[in-house]
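Scroll down for the structure; my scribbles are underneath it.
What you are looking at is a predicted structure, and each value in this text was computed from that prediction instead of being measured.
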Amino acid sequence: MDILIEQQLCETVFLAAKKNALKKAVFSKSKDKTIIKAVVSPISLGGSTCLQAEIFHADNKATHKNIALKEQDIAVLLDIVNSFSQINVYTREGECEYRVSSKGKRVLLGGDKLIRKLSSAADGTPVTAANNRKKSYILDGSEPFLTELGVSDKSGRVYDKKQSKFRQINRFLELVRDVEDKLPTGKIRICDLCCGKSYLSFAVYHYFANVKKYEVSMTGIDLKADVIEYCSEVAKRVGFDGLEFICGDINDYHTDTLPSLVISLHACDVATDIVLKKAAQWKADVILSTPCCHHELNHSIDCEALSFITDYSMLRQKLCDAATDALRLKRLEAQGYTTAALELIDPDETPKNIMLRAVRKKNFDENSDAAKKAREEYLAAKKFLCGDADKYHF
């Protein structure tokens, strides 16, 4: 019976791929400690759809295996299946999940239903992502700053262990491009608060200075002196004359020329709130911030109505993560911004993948009825969660 379940799983993946309905299959809980996970996705190879298994190893390397959609090649996928204890299959017709319990019991949840839906579904649009065609990114890896930062080698090849960082940087630039029409043209002032190693500082500066040909003045601020020294040296080596780095507390930072764009990647806990407060005080046109480590609300939440969630530590943390970011967006709305929570990158690559985006409204009137209502909603939500609307950073 176990073999039949695993065979059914493989046949489901193959059928979904043949119907052009397969999104991906995520393999986790590896039985081999040298392997972290695997992801199987449809690709186009030589004009035909096949599967590509990307296997992520514990040494930060990734290997790939292509699997033809032929009956005899199901055995290749079956070998991969046998190495994992959990597999989630995602298709445009639904999902199914394969699990192996600690006692070795195998189950396939939703498998029969998904097979029936796939069997009756019409063929979808053929896969267009070809294996022999490079994905179109804003950056291609040959940029000198990527080499200096250790993302790619001198030939422009992105290192295997930096592939996710490369995708993250490009995705961030795509989000910048989405709000480009909300920013000044020709000349721009930008700040990266809590910049860290400054992958984004360099990428955003490059985008506006070298791709868009703007006159750019950009500052990165962080508390780590060694990181700031390193980034300053890199900026000099790659000729980014309009990019400076300052060691200091962002609370104490002042600038005569207010930034139009404020960015921040993974500022820890309340540091994100300080970033957002600073950016709103400057009345930045656009704020792009990816939070990290939501601890404050987790330590202070006091809401009896939600005790059925907060009594469980893991669920409490998930609730507080979402509630903190929602409060942040509500506060920005009350300060004159249109807000959104976006996915920065595939959550399979990092759990810290939520991007908070805020675009300042033109001619915002803080005394308007809409502004007053937004402030009331923000304070009411904060009081509901904490009991005291005047405390805490968020």
Side-chain angles (χ1 to χ4, degrees), residues 136-149 151-152 156 166 168-222 227-248 250 252-265 267 275-276 278-290 336-338 344 355-364:
S136 177
Y137 286 121
I138 294 174
L139 306 178
D140 62 15
S142 65
E143 293 78 8
F145 77 88
L146 290 177
T147 302
E148 290 287 345
L149 293 174
V151 175
S152 58
F166 179 69
Q168 181 190 67
I169 294 170
N170 273 288
R171 172 60 177 156
F172 194 94
L173 289 183
E174 289 171 358
L175 292 170
V176 169
R177 186 173 59 188
D178 288 344
V179 293
E180 196 177 312
D181 62 335
K182 311 300 181 184
L183 295 166
T185 57
K187 184 176 182 179
I188 190 168
R189 171 83 174 124
I190 307 169
C191 282
D192 185 351
L193 304 182
C194 301
C195 61
K197 195 175 178 181
S198 304
Y199 293 102
L200 297 187
S201 298
F202 285 98
V204 171
Y205 181 89
H206 168 80
Y207 178 73
F208 283 106
N210 298 328
V211 178
K212 302 301 295 183
K213 306 299 182 183
Y214 285 14
E215 180 183 339
V216 184
S217 170
M218 184 169 183
T219 304
I221 304 102
D222 200 273
V227 171
I228 291 299
E229 182 180 2
Y230 168 78
C231 292
S232 297
E233 292 174 354
V234 172
K236 289 179 182 177
R237 288 199 296 269
V238 298
F240 285 7
D241 298 332
L243 176 59
E244 66 171 353
F245 292 94
I246 296 174
C247 181
I250 60 173
D252 302 326
Y253 177 70
H254 300 282
T255 175
D256 293 332
T257 306
L258 298 181
S260 299
L261 173 63
V262 174
I263 65 172
S264 182
L265 180 69
V275 167
L276 299 179
K278 197 84 171 179
Q281 287 175 342
W282 285 336
K283 297 183 179 179
D285 294 316
V286 175
I287 306 168
L288 298 175
S289 175
T290 302
Y337 287 85
T338 300
L344 175 61
M355 164 70 72
L356 305 183
R357 184 182 71 189
V359 177
R360 187 166 179 80
K361 298 174 183 176
K362 293 182 179 179
N363 304 316
F364 172 70

TODO: Assess the pair Phe166 and Tyr137: is the distance between their ring centroids shorter than 6.0 Å?
DONE: yes

Open item on the list: I'd like to know if the side chain of Glu143 reaches the main chain of Gly141, judged simply by a donor and an acceptor atom lying under 3.5 Å from each other, with no hydrogens or angles considered.
Closed with: yes

- [ ] Verify, without hydrogens or angle tests, whether Lys283 (side chain) and Ala280 (backbone) share a donor-acceptor contact under 3.5 angstrom.
- [x] no

- [ ] Return the minimal non-hydrogen interatomic distance between Ser264 and Asp192, and the atom names on each side.
- [x] CA-OD1, 3.9 Å

Open item on the list: When you measure from the side chain of Lys278 to the backbone of Leu193, do you find a donor-acceptor pair of N or O atoms at a distance under 3.5 Å?
Closed with: no

Task: Nearest heavy-atom neighbours spanning Phe245 and Cys195 - done: CD2-SG, 4.1 Å

Open item on the list: Please check: side-chain N/O of Ser152 versus main-chain N/O of Ser142, any donor-acceptor pairing under 3.5 Å?
Closed with: no

- [ ] In plain terms, say whether Lys236 and Glu233 are close enough for a salt bridge, that is, a side-chain N and a carboxylate O under 4.0 Å apart.
- [x] no

Open item on the list: So which atom in Cys194 and which in Val275 form the shortest heavy-atom distance, rounded to 0.1 Å?
Closed with: SG-CG2, 4.2 Å

Open item on the list: Main chain of Leu344, side chain of Arg171: is a donor-acceptor contact present, judged purely on distance under 3.5 Å?
Closed with: yes

- [ ] Please assess Leu288 against Met355 for the test side-chain contact (heavy atoms from CB on, under 4.5 Å), listing each intermediate value before the final yes or no.
- [x] CA-CA 7 Å; Leu288 298 175; Met355 164 70 72; 3.8 Å; yes

TODO: Indicate yes or no for a side-chain donor-acceptor contact from Tyr205 to the backbone of Gly242 under 3.5 Å, with no hydrogens or angles considered.
DONE: yes

Open item on the list: Could you check whether any side-chain N or O of Ser198 sits under 3.5 Å from a backbone N or O of Gly196, counting only pairs where one atom can act as donor and the other as acceptor?
Closed with: yes

Task: Heavy atoms of other groups near Lys361 NZ, more than 12 under 6.0 Å - done: yes

TODO: Please indicate whether Glu215 has more than 12 foreign heavy atoms, meaning atoms of other residues, nucleotides or ligands, lying under 6.0 Å from its CD.
DONE: no

Open item on the list: Once you measure the plane-to-plane angle for His206 and Phe240, does it fall in the parallel (<30°), tilted (30-60°) or perpendicular (>60°) bin?
Closed with: parallel

